[in-house]
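Working notes, beginning with the structure itself.
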Amino acid sequence: MDARSSGTLGGLGGPPDQIYMITGLRSSAAHSGSVDGAGRSDGRVADNGIEVEDLVRQFKNGPRAVDGISLEVKPGEIYGFLGPNGAGKSTTVHMLTTLLPPTAGVARVAGFDVATEGPLVRRVLGAALQEAALDPHLTGDEHMRLQTALHGLDHDDRRTRGRELIERVGLSDAADRKVGGYSGGMKRRLDLALALVHRPRVLFLDEPTTGLDPQSRSALWEEVTRLSKEDGVTVFLTTQYLEEADQLAERVGIIDAGKIVAEGTPAALKAEIGRPSVEVVPRDPAKAEQSAAILGRFGRPVPAAGEALGVRLSEGIDELVGIVRAFDEAEIELASLVLNEPTLDDVFLARTGHHLEGDEGAGDSGEMSLPDQAPAG
Amino acid sequence: MNEVTGEGRRPGDSYLPAALGVCWRYLHNLYTRPAQFIPSLLFPLFFLAAFAGGLSVVADSPGFDYYDYTAFQFCFVLIQASALAGVFAGFSIAADFELGMGRRMMLATPNRSAIVVGYAVGAASRLGLTWVVVTGVALLAGMSVGGGPVDLAGMYSLALLGNVAALLFSAGIALRFRSLQAGPLMQMPIFILLFLAPVYVPQALLTGWIEPAASVNPVTAILNAARSLLAGEPTGILAAYAVAFGLIALLALWAMSGLRRAEVAG
Ligand SMILES: Nc1ncnc2c1ncn2[C@@H]1O[C@H](COP(=O)(O)OP(=O)(O)O)[C@@H](O)[C@H]1O
Ligand SMILES: [Mg+2]
């Protein structure tokens with residue numbers, strides 16, 4: 001699946017900004033607006049933000065899964081932690097949620113040190129981990145009952161809170177069925193509801209949409225956005241999906257092999273890469289070679305899907321007119337011409353030398369990634 | 001709408017609800033799945049039937065000075081069944097940590113020792129039914145009771161302490177290995193300890209290597225005291241309680257250090 005946001009020729013000739021708008025991306029203004037919109041002065045960062053300095057996790061007889069990362073998530077912000085399988089995303093989440101002590105470095109969640117103030121950290125955070133740990137023998141309601149008890153909610157609060165959340169994630173009809181019979185998407189939704197019972201100020205979601213169908217995915221995006229915008233919850237969300245980081249997160253940290261290779265708003269990250277690419281499909285497949293030669297005059301070839309030919313524009317968007325003219329002069333008819341804005345994958349490629357989504361094309365089948373290996377001992 | 005919770009509350013405020021939540025789930029799963037529960041009841045009954053029935057000739061041997069062989073065996077089976085209930089709760093802890101629910105509890109519970117306490121309360125609560133069944137069967141088998149209510153309360157209390165000790169021991173193993181494969185490691189030491197006590201004949205009649213083993217075995221003190229209470233002739237009660245509480249104190253440290261190990265393992 002092509003996760004890149006692409007726009008058609010519709011924007012041709014307009015000023016660059018306008019083209020970005022038509023590509024359907026959230027404009028950079030929307031991004032910076034919401035970051036600033038959280039509108040809290042630095043003094044409140046400690047309130048429900050996340051601060052991480054040189055965090056390291058070295059597994060015994062295992063990899064240095066997290067290798068000195070530093071980051072800051074502002075209160076109320078949605079932070080996307082993007083990286084391929086095995087990059088160290090879950091290990092980071094486990095350290096920030098006090099499930100795993102850091103080997104070195106400092107991390108504070110809502111101002112509390114994860115290493116020394118575990119109970120206080122746990123009180124303010126909610127988490128839906130990569131493998132939703134649910135008891136197949138309990139119903140949805142019974143999970144709520146357990147979770148509200150674990151958090152020590154008042155008795156009166158438990159019932160109403162449980163009902164409210166079950167309803168919010170659309171599980172009212174399944175609430176008294178055993179979780180063993182739930183679908184993957186239902187389990188995710190229940191897990192999210194459980195993570196919210198104590199009204200956490202900071203929410204960790206570890207690959208919340210991996211394996212979800214598109215509808216469930218966008219429903220979850222909506223809910224996450226609502227939590228951040230309406231409730232002011234800080235969200236730390238890991239994902240392997242470019243699209244998710246791009247559309248949902250206000251700021252993105254890209255992690256590879258335990259290190260953060262890039263950080264910023266999606267718009268800023270992509271702007272660093274700068275140049276967009278163009279993909280064309282000649283109407284007559286026999287003209288592919290000739291078409292490639294024409295494109296080659298405008299930049300470096302980049303891989304494209306199917307019949308399409310791609311080029312990363314060396315000068316920028318202004319060259320589009322030249323490309324169209326060149327094909328016109330060569331009398332090659334085009335079945336399509338697509339302008340692709342740089343994607344986070346391009347950012348990833350530029351920083352690491354390899355693609356984020358491997359050859360197997362993660363994300364097309366909705367397959368679950370393998371659970372963390374947890375060797376005994 | 002999402003008003004910040006509990007600014008004025010301390011993590012300790014959720015200790016009891018959390019422990020009760022863990023306990024509730026444990027009992028709920030136990031009683032809604034008879035396949036889990038029945039075997040743990042049948043096992044001690046099998047012992048009672050086999051020993052009290054088959055070995056009752058022991059009561060005729062010279063030097064056997066207890067008043068009733070079924071009652072003699074009953075005390076052992078009561079303590080064994082109670083300890084076993086603790087071990088079974090240990091299995092549940094191991095399964096929870098193997099299958100992920102452990103992580104949910106570790107994440108949601110500010111004060112994590114509440115998890116172990118919750119299981120302990122659960123393991124102790126399930127004793128009620130175990131005691132009723134074991135005692136009922138022994139009475140049906142013709143056991144006579146020598147002691148009065150206070151004696152019996154003392155006897156059942158000793159069984160309860162044995163249950164707590166076995167649970168803490170098993171929890172320590174479960175939290176270290178976090179896998180059901182560690183089941184034998186929870187069960188075997190407790191079985192060995194139980195059978196290195198005067199199971200079939202009074203301590204005075206033991207011979208060979210088992211005699212010194214039994215005399216230092218903490219189970220011996222507890223078992224002898226329980227039998228004396230059932231007979232209505234209490235002896236060595238204070239010592240038995242001291243041994244039981246000492247054991248529990250040590251094993252609580254063992255369980256809590258296991259919890260620390262589980263915490264750093266992730
Ligand atoms: N408990 C563990 N023991 C040893 N190695 C581990 C453990 N958990 C994860 N790892 C390793 O650490 C690396 C990062 O894993 P993880 O944080 O799960 O990555 P991600 O969530 O980004 O897919 C991987 O190489 C993984 O095999
Ligand atoms: Mg992961």
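In the text below, chain A, chain B and the rest are named by the order of the sequence lines, each starting its count at 1.
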Within a reach of under 6.0 Å around CZ of R261(B), are more than 12 heavy atoms found that belong to other residues, nucleotides or ligands?
-> no
Are the charged groups of R104(B) and D135(A) less than 4.0 angstrom apart, N to O?
-> no
Is there a donor-acceptor pair under 3.5 Å between the side chain of R122(A) and the backbone N or O of T109(B)?
-> yes
Please examine the side chains of M105(B) and L150(A), heavy atoms only from C-beta on, and report whether any two atoms are closer than 4.5 Å.
-> yes
Give the C-alpha distance, both sets of side-chain angles, the deciding distance and a yes or no for side-chain hydrogen bond (donor to acceptor under 3.5 Å, both in side chains) between R103(B) and T97(A).
-> CA-CA 11 Å; R103(B) 206 169 242 179; T97(A) 55; over 6 Å; no
For residues A133(A) and G100(B), report the shortest heavy-atom separation together with the two atoms involved.
-> CB-O, 3.0 Å
Whether H151(A) side chain and S14(B) backbone form a donor-acceptor pair below 3.5 Å = no
Part of L134(A) within contact of chain B (heavy atom distance under 4.5 Å) = both
Reported CH2-to-CG distance for the pair W24(B) and L138(A), which is rounded to 0.5 angstrom | 5.5 Å
What do you reckon, is CZ of R33(B) surrounded by more than 12 foreign heavy atoms closer than 6.0 Å?
-> yes
Using a 4.5 Å cut-off on heavy atoms from C-beta on, say whether the side chain of R158(A) contacts that of P17(B).
-> yes
Quick one: which of K60(A), M95(A), R145(A) has the most heavy-atom pairs under 4.5 Å with chain B, could you say?
-> R145(A)
Mind running side chain to side chain contact (heavy atoms under 4.5 Å, CB included) on L107(B) and L129(A) for me, showing each step along the way?
-> CA-CA 10 Å; L107(B) 197 56; L129(A) 299 178; 4.2 Å; yes
Other residues, nucleotides, ligands: >12 heavy atoms within 6.0 Å of Y31(B) OH = yes
Option in L194(A), V197(A), L125(A) with maximal non-hydrogen atom pairs under 4.5 Å from chain B | L194(A)
Quick one: are P119(A) and N111(B) in side-chain contact, heavy atoms under 4.5 Å?
-> no
Should R25(B) and E142(A) count as an ion pair when the cut-off is N to O under 4.0 Å?
-> no
Considering all heavy atoms, the nearest A149(A)-G21(B) contact | CB-CA, 3.8 Å
